[in-house]
Amino acid sequence: MTQDKHTATLLSDRLAVVAQFIPQDAVVADIGTDHAYLPIYLIHEGVSPRVVASDVGAGPVASATRNVTEAQVTSQVSVRQGDGLSTLTADDGITCVVIAGMGGALITDILEAGQSDLQHTERLILQPNIGSDRVRTWLVQHRYSINAERIIDEDHHIYEIIVADPVQEAVMLAPADILMGPHLRQEKSEVWRRYWQDRHDHNQELLADLRQAQTDQSEKADQVKEEQQMIEKELA
């Protein structure tokens with residue numbers, strides 16, 4: 001159908017990867033939905049029967065509402081304005097939560113503040129723009145197992161997608177797994193290697209600046225050196 005094909009083209013590469021990890025027939029909450037492209041896609045492609053499209057901003061909510069109406073999916077996509085997971089109710093029956101396109105600190109803040117809105121049965125699909133290590137740390141601390149990861153280069157920006165499912169017992173990760181991703185460091189894709197080589201080069205410059213600083217930067221320097229050791233070991 002022409003409408004389906006048009007909808008499919010609206011997904012960026014990163015959202016297309018996110019969509020791949022949404023289980024068939026999942027009831028999805030897209031937190032920070034922006035234009036509601038992902039919810040519309042999930043309905044048109046028959047992946048999800050119902051989606052909550054939520055955003056804190058009035059502008060994105062207006063855009064999402066307009067797009068959902070034009071796509072003729074108003075009965076299946078509920079557009080809501082509110083902060084994080086607070087827009088969800090137990091009656092929604094959410095089985096998969098997507099939080100994409102934010103910093104890792106904001107994602108963990110949303111998850112932390114919204115714990116009472118989660119049943120700890122939902123799959124979490126998280127796409128931090130930065131601070132992936134903070135996201136992984138939160139997942140470990142709150143009894144989620146990272147079962148898949150992807151790293152992509154979209155328009156010269158590197159994005160990581162983290163897929164986590166709830167478990168009864170915490171799954172501990174090594175420091176290198178927290179920093180670089182337990183699955184990503186096993187796969188060692190070309191994009192991943194390039195990202196961490198660039199990070200290594202940046203750290204070298206940072207260390208040079210820290211040595212020239214007028215104040216004591218030894219603690220920061222030690223942290224950067226520790227990260228450098230992990231990167232060098234993985235890239236060797």
Side-chain angles (χ1 to χ4, degrees), residues 5-23 28 30-42 45 47 55 60 63 96-108 110-111 123-140 144-165 173-207 224 226-236:
K5 291 180 179 178
H6 175 66
T7 303
T9 63
L10 296 177
L11 286 190
S12 62
D13 290 345
R14 66 185 178 87
L15 287 183
V17 173
V18 167
Q20 293 174 11
F21 290 107
I22 295 175
V28 178
D30 183 25
I31 306 301
T33 193
D34 203 8
H35 300 290
Y37 291 154
L38 179 63
I40 293 169
Y41 174 87
L42 296 175
E45 295 299 316
V47 176
D55 207 290
S63 176
C96 181
V97 174
V98 174
I99 310 178
M102 310 175 196
L106 180 54
I107 289 176
T108 55
I110 289 172
L111 291 170
R123 164 168 285 193
L124 302 181
I125 304 178
L126 311 172
Q127 184 267 295
N129 292 340
I130 59 172
S132 298
D133 54 335
R134 293 187 63 158
V135 173
R136 294 189 186 98
T137 298
W138 190 94
L139 292 170
V140 167
Y144 284 88
S145 173
I146 298 173
N147 292 328
E149 295 175 301
R150 292 289 185 275
I151 185 168
I152 65 169
D153 184 341
E154 180 182 88
D155 297 329
H156 308 294
H157 293 281
I158 303 298
Y159 298 107
E160 294 179 54
I161 294 94
I162 302 170
V163 183
D165 294 294
L173 294 178
D177 287 330
I178 292 289
L179 178 67
M180 310 175 83
H183 298 279
L184 297 177
R185 65 186 284 252
Q186 292 295 321
E187 296 165 1
K188 288 184 168 56
S189 70
E190 184 273 333
V191 173
W192 181 89
R193 285 184 172 276
R194 177 156 44 88
Y195 172 81
W196 285 105
Q197 184 61 60
D198 289 346
R199 177 86 161 248
H200 182 274
D201 295 343
H202 171 76
N203 282 348
Q204 290 295 89
E205 296 176 359
L206 178 57
L207 286 170
V224 176
E226 183 178 356
E227 181 175 296
Q228 289 294 77
Q229 291 175 354
M230 284 190 278
I231 295 173
E232 289 166 2
K233 180 178 180 180
E234 293 300 320
L235 294 181

- [ ] Could you check Y159 against V191 for side chain to side chain contact (heavy atoms under 4.5 Å, CB included), going step by step and ending with a plain yes or no?
- [x] CA-CA 10 Å; Y159 298 107; V191 173; over 6 Å; no
Are side-chain heavy atoms of [X] and [Y] found at a separation under 4.5 Å?
X	Y	answer
V97	I31	yes
H183	R150	no
R136	V140	no
T33	P60	no
I162	Q127	no
N203	I231	yes
M102	I110	yes
S132	E149	no

Open item on the list: Tell me which one of R194, K188, R193 satisfies side chain to side chain donor-acceptor pair (under 3.5 Å) with E190.
Closed with: R194
Heavy-atom neighbours of [X] [atom1] exceed 12 at 6.0 Å:
X	atom1	value
L235	CG	yes
E226	CD	no
D201	CG	yes

Value rounded to 0.5 Å, distance of [atom1] in [X] from [atom2] in [Y]:
X	Y	atom1	atom2	result
Y41	L15	OH	CG	10.5 Å
Q228	R199	CD	CZ	9.0 Å
Q197	H202	CD	NE2	13.5 Å
L126	L139	CG	CG	6.0 Å
L173	L179	CG	CG	11.5 Å

To check you understand the geometry: which heavy-atom pair defines the closest contact between [X] and [Y], and what is its length?
X	Y	answer
L38	A19	CD1-CB, 4.0 Å
M180	M230	SD-O, 4.2 Å
D30	P39	OD2-CD, 3.3 Å
S63	H35	OG-ND1, 2.7 Å
P182	D177	CA-OD1, 3.3 Å
L11	A16	CD1-CA, 4.2 Å

Open item on the list: Testing I152, I158, I151 one by one against W192 for a side chain to side chain contact (heavy atoms under 4.5 Å, CB included), which residue passes?
Closed with: I151
Task: Test side chain to side chain contact (heavy atoms under 4.5 Å, CB included) applied to I99 and L124, L111, I125, the passing residue - done: L111
Task: Donor-acceptor pair, side chain of D133 and main chain of I178, under 3.5 angstrom - done: no
TODO: Before giving the answer on side chain to side chain contact (heavy atoms under 4.5 Å, CB included), spell out for S145 and D165 the whole-Å C-alpha distance, their side-chain angles and the decisive distance to 0.1 Å.
DONE: CA-CA 5 Å; S145 173; D165 294 294; 5.6 Å; no
Task: Ion pair check, E160 and R14, cut-off under 4.0 Å - done: no
